[in-house]
Amino acid sequence: MTTEATPPDFRWGVATSSFQIEGSATRDGRGPSIWDDFCRVPEAVAGGDTGEVACDSYLRWGDDLALLRRMGVNSYRFSTAWSRIQPTGSGPVNRPGLDHYDRMVDDLLEAGIEPFPTLYHWDLPSALQHEGGWVARDTAHRFADYAGIMAEALGDRVRRWTTLNEPLCSAWIGHLEGRMAPGLRDLRGAVHASYHLLLAHALGAEALRASAPATPSVGIVVNLSPIEPASGSEEDRLAAVRADGHVNRWWLDPLHGRGFPQDMVEVYGIDLPAEPGDEALAAPLDFLGINYYFRQRVVADPQIATLGFRQVPVPGARTTALDWEVHPPGLTDVLLRVAKEYGTPSLLVTENGSAWDDEADDDGYVADHERTQFLCDHVAAMRSAAEQGAPVHGYYAWSLMDNFEWAYGYRPRFGLARVDYGTQRRTLKLSGHTYARLIAEAAEAPAADRAGREV
Ligand code: IFM
């Protein structure tokens with residue numbers, strides 16, 4: 001690897017999110033979020049699972065920290081629950097909720113681990129949803145207030161912040177497909193939500209930069225997929241262009257100051273809720289977080305309203321327990337594409353992982369060869385992108401431990417550590433041990449080789 005591609009402060013981390021691990025749904029004044037509400041909708045979540053207890057991380061933070069130390073990560077990507085800080089999404093700060101994250105930041109720093117918080121990972125306070133949620137412009141302003149609170153409280157110690165995680169999921173899956181919270185199906189609402197999410201990012205970034213005592217590094221996390229047409233037909237080629245617009249360009253273009261892609265504005269046929277002054281949307285990013293899980297192969301399908309495309313399986317592909325294709329070169333592709341087409345100064349792989357049907361032995365140990373292979377192959381794919389010039393500065397495995405996988409409930413397990421939900425015992429899997437070794441070896445490697453040793 002070239003020296004430019006492997007700065008000495010390369011981040012090796014793991015990622016989690018508040019709703020998926022914390023539990024303690026009402027403890028210390030936490031208010032409800034859209035996921036608490038969605039879990040109560042009959043049949044919305046597999047097995048009727050909820051986030052009431054999850055991995056009990058709010059109370060077992062010490063156990064999680066021990067796992068982080070054991071793996072030897074130098075950065076921990078977690079999210080702060082807005083409804084712990086402001087139980088109704090606006091108004092006074094709920095001190096006990098803020099104190100929890102304050103303690104986490106101190107503990108992480110003491111352990112030599114960078115705290116890398118995400119301010120919004122899908123858990124909008126319910127009270128804001130009742131006022132329109134992301135479809136309402138005001139939510140973006142409330143988010144900026146919350147970002148300012150967090151920057152004032154933690155900005156003396158937190159240097160890097162992520163505003164939002166995966167606005168695609170909040171907007172398209174939550175407001176268009178309705179498969180996940182808040183469970184709505186409305187194109188206009190979804191397009192407006194997408195706009196307001198990006199506005200929230202811009203206003204939130206402004207608030208972080210204005211309120212943090214030391215100049216912070218601010219970015220956003222998007223989930224990207226390489227898109228391929230299923231055939232050489234012109235219809236499928238155009239379907240792939242639309243799919244790419246919907247999944248990738250709708251987010252990447254405005255985040256890089258190019259405005260929303262006009263072809264997609266025409267496909268959606270919805271006026272954007274733009275107002276004078278929204279030029280802030282073009283605020284520069286210090287880094288872009290990329291979550292990569294799978295590529296998408298699409299066919300044209302006139303039966304699919306508005307978008308006119310559908311994802312199809314890749315023949316003969318290896319797939320995970322969620323039927324997601326395992327395709328490591330896709331990670332190289334998305335990193336190189338963003339680097340070349342958008343020139344983003346710094347890229348982080350903020351999530352990458354896989355769910356498998358784990359089998360634990362009597363001690364709770366899981367010899368998860370498939371996940372381990374997935375991890376090694378994707379680290380190699382990231383290294384390949386860095387070797388080819390992509391400015392990749394970190395890799396975060398999803399996830400530290402098994403957790404609540406949204407509408408799929410607890411069955412899919414993504415963790416590098418197993419969680420026994422009966423006892424809440426955490427046990428490092430083979431993948432967790434392998435990651436620990438990989439990190440240790442990378443730290444010992446010569447600087448020019450740090451991000452990419454074979455494992
Ligand atoms: O669990 C999720 C996470 O919350 C966001 N990115 C994808 C992961 C796996 O589905």
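Just so we're clear, the structure is a prediction, and the values are computed from it rather than from any experiment. Read the numbers this way: they start at 1 and go in the same order the structure lists the ligands and their atoms.
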Subject >> G219 versus L285, closest heavy-atom pair with distance >> reply: CA-CD2, 4.3 Å
Original post:
Going by the order shown, which atoms of ligand 1 are within less than 4.0 Å of some heavy atom of Q20?
Top reply: 1 (O), 2 (C), 3 (C), 4 (O)
**OP:** Among V334, T332, V338, find the residue that satisfies the side chain to side chain contact (heavy atoms under 4.5 Å, CB included) test when tested with L336.
**Re:** T332
Subject >> Close N or O approach (W406, ligand 1; < 3.5 Å) >> reply: yes
Original post:
Which one of D358, D420, D402, D368 satisfies the salt bridge (Lys or Arg N to Asp or Glu O under 4.0 Å) criterion with R413?
Top reply: D402
Original post:
Got an N/O contact under 3.5 Å between E166 and ligand 1?
Top reply: yes
Original post:
Which of these passes side chain to side chain contact (heavy atoms under 4.5 Å, CB included) with V221: L348, L164, N165?
Top reply: N165
Original post:
Atoms of ligand 1 less than 4.0 Å from E351 heavy atoms?
Top reply: 3 (C), 5 (C), 6 (N), 7 (C), 8 (C)
Original post:
Does the N or O separation between W324 and ligand 1 drop below 3.5 Å for any pair?
Top reply: no
Subject >> Parallel, tilted or perpendicular, as decided by the 30° and 60° cut-offs, for the rings of W122 and W35 >> reply: perpendicular
Original post:
Taking atom CZ of R27 as the centre, does the number of heavy atoms from other residues, nucleotides or ligands within less than 6.0 Å exceed 12?
Top reply: no
Original post:
In terms of atom number and element, which parts of ligand 1 are under 4.0 angstrom from non-hydrogen atoms of E405?
Top reply: 1 (O), 2 (C), 9 (C), 10 (O)
Original post:
Considering only heavy atoms of Y293, which atoms of ligand 1 have at least one such atom less than 4.0 Å away?
Top reply: 6 (N), 7 (C), 8 (C), 9 (C)
Subject >> Close-contact set for ligand 1 against H121 heavy atoms, below 4.0 Å >> reply: 3 (C), 4 (O), 5 (C)
